[in-house]
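Below, chains carry the letters A, B, ... as their sequence lines are ordered, and counting in each starts from 1.
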Amino acid sequence: MAKNLLIVESPAKAKTIEGYLGKDFTVKSSYGHIRDLVKSEDAIDIANNFNQKYEVPADKKQVVSELKKLAKEAEMVWLASDEDREGEAISWHLFETLGLKDASTKRIVFHEITKPAILKAIDTPRKIDYNLVNAQQARRVLDRLVGFELSPVLWKKVKPSLSAGRVQSVAVRLIVDREREINKFKSEAAFKIVAVFGKGKEAFKAELPERFAKQEDAEQFLNDCIGANFDIRSLETKPAKRSPAAPFTTSTLQQEASRKLGYSVARTMQVAQRLYESGNITYMRTDSVNLSETALDAAQKEIVSAYGDKYHQLRKYKTKNASAQEAHEAIRPTYFSNHTIDGESAEKRLYELIWKRAIASQMSEAQFEKTTAKISISTRKEELTANGEVMKFDGFLKVYLESNDEEDDTQQDGENAMLPPLTRGQRLALQEMSATERFSRPPARYTEASLVKKLEELGIGRPSTYAPTISTIQNRGYVVKEEREGKIRNFRVLTLKGDAIVKENKTENTGAERGKLFPTDIGAVVNDFLVQYFKDIVDFNFTACVEKQFDEIAQGLKEWTAMLHDFYNPFHKEVQSTIETADKATGERELGIHPENGKKVSVRIGRYGPFVQVGDSATEENKEEKPLYASLRTGQSIETISLEEALELFKLPKAVGEYEGKVMKVAIGRFGPYISHNGAFVSLPKEIDPLDVTEEQAIELINAKRKKDAEKLIKTFDEDPEVRVLNGRWGPYIEFGKLNVKIPKDKDPLTLTYEECKALADATPKDSKKGRFGKAAQTKAVTKKAPAKKKAAAKKK
DNA sequence: CAGTGAGCGAGCTTCCGCTTGACTT
């Protein structure tokens with residue numbers, strides 16, 4: 001039996017370290033935190049100095065009991081959780097929960113998983129730093145207080161099941177604010193002048209730095225250029241260089257994987273986790289750009305052997321982020337000599353990205369020669385500018401070029417392309433000149449990854465929570481990640497060729513979005529409510545401000561309960577006064593007056609989502625005249641819908657006639673326009689306008705659908721008309737009421753009996769639509785329910 | 001895959017961080 005038990009946070013780490021330490025050490029993992037505040041309201045005793053009630057969650061019981069057993073047997077227990085606030089708290093929780101003794105417990109820390117680093121840590125043990133632990137408790141308690149006091153306010157004033165918190169509410173705010181900036185944005189048009197000089201290989205582009213707001217001015221400019229002389233007035237060549245980016249942190253990895261590989265932040269983290277577990281990369285949840293000495297050596301060796309001496313440049317990066325805790329290294333390959341790895345394609349691609357970025361970070365800068373030519377025009381005082389760039393030495397660009405968020409449209413106009421050899425005073429032959437109408441662009445919507453970047457800049461959230469936060473705000477329905485179609489926009493192009501100017505009208509698609517984050521109506525209403533009543537909490541600086549205080553606690557300069565008192569007392573007062581005084585938040589907006597009946601038209605969110613109301617709500621005196629309601633469609637928002645669009649919603653559902661004594665109705669559902677008739681539904685083909693469907697058309701569509709259905713029907717049963725065997729596109733299946741069950745290949749659908757159908761249906765899980773973590777969440781919800789019910793019962797008494 | 005396209009009603013929901021599981025589409 002080993003004399004020493006060493007506990008780290010991650011099992012993969014434990015395995016590596018065990019290899020370094022030999023048989024005197026057993027190395028185990030705590031799998032992160034082993035205790036948390038109890039779920040119930042009495043988790044924090046505010047009157048009693050915020051005394052906390054912790055419990056070991058069900059899924060951690062086994063780990064804890066195993067660690068307890070091993071700790072009892074060991075002579076010395078080494079607490080080796082990460083060196084940051086949370087890590088220190090994990091050590092403390094371990095100390096408390098495992099019942100450790102001071103004399104036989106040592107606390108050690110290291111920032112990199114290398115043998116010398118671990119051995120050095122073991123040589124320099126310390127005690128648990130209770131200041132740091134207190135800082136973590138303050139963080140934990142504050143988050144619980146904010147989350148569990150604010151959320152119930154939303155249940156009362158907006159809608160049940162909503163949530164608010166220090167991190168998620170600011171994330172939503174960023175998206176709501178951005179959307180409003182975009183809605184408010186007025187695009188301005190201006191004409192951009194681009195000239196092409198020379199022919200064939202010698203051709204190059206030059207641009208006018210100024211733009212013309214008016215078409216007449218642009219046209220005048222082109223006109224003046226007819227027959228003008230174009231001379232190179234000045235020619236300047238300057239060396240330029242570009243340096244590599246720092247190796248990846250969690251946030252920069254998420255951004256690059258999103259831009260270069262199109263991965264969501266959750267996907268990036270899943271793949272990175274697998275790379276970590278297979279020993280290919282270092283830990284993937286980190287805010288540090290630091291590389292260990294061993295890593296720097298290994299990178300150097302690899303660069304020198306693969307590319308040569310002059311490609312290597314030792315670089316040490318420092319984080320710019322004040323809130324970084326730097327308990328780990330940057331994300332890098334474990335072995336730089338592996339340029340690529342075995343595995344799934346996603347793993348390979350992400351690994352290569354990580355390898356390239358880390359290698360490039362230790363490479364020399366790329367060198368360029370930038371040439372700027374100014375071209376005078378004999379008939380105008382303005383000058384055209386041509387830029388050229390020649391790479392003199394590729395340096396780090398041999399392996400890696402960082403991408404950026406702004407897709408810019410100047411690139412395609414040949415900026416920084418190569419210029420032919422030019423001399424000062426040289427006369428140029430104009431091939432063509434164009435004036436193209438360009439529009440200023442609104443600020444970009446956030447992607448998941450650019451939101452993470454922003455949150456990191458604001459110091460909000462941690463590497464381990466970026467991906468979950470993004471999921472939370474989507475799961476709560478505050479934000480949707482969507483594709484939206486753009487609008488067709490006209491723009492004008494004037495082209496001068498020879499002596500003539502040709503005017504053209506062209507169209508482009510603008511504002512189309514893919515994978516961008518949009519606020520929902522509920523997201524906007526919740527945000528506005530929080531901004532109105534809890535301005536301080538959703539302030540972008542709130543986290544930075546409390547972080548500063550946590551740091552003071554960690555340094556022993558501040559008492560953690562005093563800090564919490566200072567925060568909680570005014571906060572709790574605001575919560576209470578809001579519950580008492582605030583009206584229900586519905587985001588109501590008046591759109592105007594109905595042009596035909598003069599009634600008020602308004603929009604707001606209700607229990608089932610956003611809707612339009614025509615006429616005032618029923619009152620005691622006025623019970624007869626009930627208002628009319630209509631739900632908004634996907635993509636519409638109570639913030640931007642117009643009166644006309646709102647009234648359109650009342651034109652459907654609409655009866656289009658009768659068939660077989662039953663009414664046929666046209667309506668728009670979640671999957672588009674449809675006709676309903678006697679409990680059956682038929683989708684409308686795209687080319688038919690739902691407002692113009694005729695009785696004949698509807699009957700035709702219903703009959704066509706019936707014919708199609710009849711072709712699919714294999715058999716029915718006398719026992720139960722609800723059960724049918726059908727032929728689907730993916731083969732035969734059984735329709736069992738609302739449940740569809742695939743028929744296994746070894747069964748013949750024609751000879752299937754009713755009993756067999758029933759057996760198949762029973763064997764199919766009823767709720768199998770949940771995703772990867774769905775079921776785990778479900779079982780948790782079930783276990784949660786029991787004590788919650790007790791609490792509710794107790795309340796009633 | 002095909003199906004879906006409501007609703008009047010009890011009791012539930014919720015935070016942020018640290019870590020990996022088990023689970024089928």
Side-chain angles (χ1 to χ4, degrees), chain A residues 8-13 29-37 39 41 43 59-60 62-63 81-82 84-87 89-90 93 136 139-155 159-169 273 276-277 283 285 325 327 460-466 468-469 472 476 543 607-608 631 652-653 665-676 679-683 709 712 726-733 735 737-742 765 768-776 778-779 781 784-785 788-789 791-793 795-796:
Chain A
V8 292
E9 291 180 35
S10 144
K13 222 188 246 183
S29 154
S30 74
Y31 293 81
H33 273 295
I34 52 150
R35 289 204 301 191
D36 193 14
L37 292 172
K39 289 266 177 242
E41 274 170 25
D59 56 335
K60 287 292 167 61
Q62 211 186 332
V63 183
S81 47
D82 297 345
D84 57 16
R85 214 160 53 200
E86 297 298 327
I90 288 174
H93 281 305
Q136 192 273 347
R139 199 280 305 155
R140 180 68 190 91
V141 170
L142 181 131
D143 282 335
R144 166 60 67 87
L145 291 173
V146 169
F148 275 39
E149 294 219 1
L150 237 37
S151 301
V153 178
L154 296 180
W155 306 343
K159 208 175 118 167
S161 303
L162 295 175
S163 67
R166 176 176 58 83
V167 173
Q168 58 169 286
S169 296
Q273 175 86 28
Y276 169 63
E277 282 168 9
Y283 198 56
R285 291 187 273 265
Q325 309 218 354
I460 298 171
R462 303 280 312 132
S464 67
T465 59
Y466 294 139
T469 300
T472 300
R476 294 271 174 277
T543 291
R607 230 198 309 209
Y608 311 117
S631 292
L652 291 172
K665 263 189 191 167
V666 179
I668 295 196
R670 204 152 66 85
F671 305 94
Y674 67 96
I675 301 168
S676 64
F681 304 96
V682 188
S683 294
D709 284 348
K712 285 193 306 192
L726 297 161
N727 214 345
R729 200 160 92 182
W730 288 24
Y733 66 97
E735 189 185 76
K738 287 201 165 178
L739 185 77
N740 289 333
V741 185
K742 206 176 162 179
S768 54
K769 272 192 176 172
K770 300 271 171 181
R772 239 167 77 83
F773 299 94
K775 201 159 186 194
Q778 255 177 30
T779 49
K784 249 191 288 174
K785 255 180 198 166
K789 265 185 187 163
K791 197 186 72 190
K795 255 188 195 169
K796 272 182 189 163

When the distance from [atom1] of [X] to [atom2] of [N] is rounded to whole Å, what number comes out?
X	N	atom1	atom2	result
A/Phe681	B/dG5	CZ	P	6 Å
A/Arg144	B/dT14	CZ	P	12 Å
A/Tyr283	B/dG17	OH	C1'	11 Å
A/Asp143	B/dC15	CG	P	11 Å
A/Tyr276	B/dT20	OH	C1'	11 Å
A/His93	B/dG17	NE2	P	15 Å
A/Lys39	B/dT14	NZ	P	9 Å
A/Arg285	B/dT20	CZ	C1'	8 Å

Position toward the 5' end of DNA chain B (nearest nucleotide), A/Pro152 or A/Gly87: A/Pro152
Along DNA chain B (nearest heavy atom to each residue), the more 5'-positioned of A/Ala12 and A/Gln168: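 First, find each residue's nearest nucleotide; the 5'-ward one identifies A/Gln168.
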List every contact pair, protein side and nucleotides 6-9 of chain B side both N or O, where the distance is under 3.5 Å.
unit_1	atom_1	unit_2	atom_2	d
B/dG9	O6	A/Tyr608	OH	2.3

Gap separating the OG atom of A/Ser169 from the CZ atom of A/Arg476, nearest 0.5 angstrom: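 The OG atom of A/Ser169 sits 10.5 Å away from the CZ atom of A/Arg476.
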Sugar-phosphate only, base, or nothing, as touched by A/Thr543 at under 4.0 Å among non-hydrogen atoms: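 A/Thr543: no heavy atom of the nucleic acid under 4.0 Å.
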Separation of the C1' atoms in B/dT25 and B/dA2, to the nearest angstrom: 16 Å
Can you sort out the partners of [X] under side chain to side chain contact (heavy atoms under 4.5 Å, CB included), two or more places apart, ordered by chain and number?
X	result
A/Val666	A/Leu652, A/Val656, A/Ile675, A/Leu684, A/Pro690, A/Val693
A/Ser81	A/Glu9, A/Ile90, A/Ser91, A/Arg107
A/Thr465	A/Arg462, A/Thr469

Residues that A/Phe148 engages under ring pair (Phe, Tyr, Trp, His ring centres under 6.0 Å), provided they are two or more places apart: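 Scan of A/Phe148 (ring pair (Phe, Tyr, Trp, His ring centres under 6.0 Å), adjacent residues dropped) gives none.
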A/Tyr466: partners by ring pair (Phe, Tyr, Trp, His ring centres under 6.0 Å), with sequence neighbours left out: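 Residues passing ring pair (Phe, Tyr, Trp, His ring centres under 6.0 Å) with A/Tyr466: none at all.
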All salt bridge (charged side-chain N to carboxylate O under 4.0 Å, His left out) counterparts of A/Asp143, not counting sequence neighbours: A/Arg139, A/Arg166
Residues that A/Lys13 engages under salt bridge (charged side-chain N to carboxylate O under 4.0 Å, His left out), provided they are two or more places apart: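 Checked A/Lys13 against salt bridge (charged side-chain N to carboxylate O under 4.0 Å, His left out); matches are A/Asp82.
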Audit row: A/Asp36, A/Arg140, side-chain contact (heavy atoms from CB on, under 4.5 Å) steps and yes/no: CA-CA 9 Å; A/Asp36 193 14; A/Arg140 180 68 190 91; 2.9 Å; yes
A/Arg476 side-chain N/O to B/dT13 phosphate OP1/OP2 under 4.0 Å: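 Checking A/Arg476 against B/dT13: no side-chain N or O falls below 4.0 Å of OP1 or OP2.
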Base-paired stems that DNA chain B participates in, counting runs of 3 or more Watson-Crick or G-U pairs under 3.5 Å: none
Donor-acceptor pair present, A/Ser163 side chain and B/dT14 base, under 3.5 Å: no
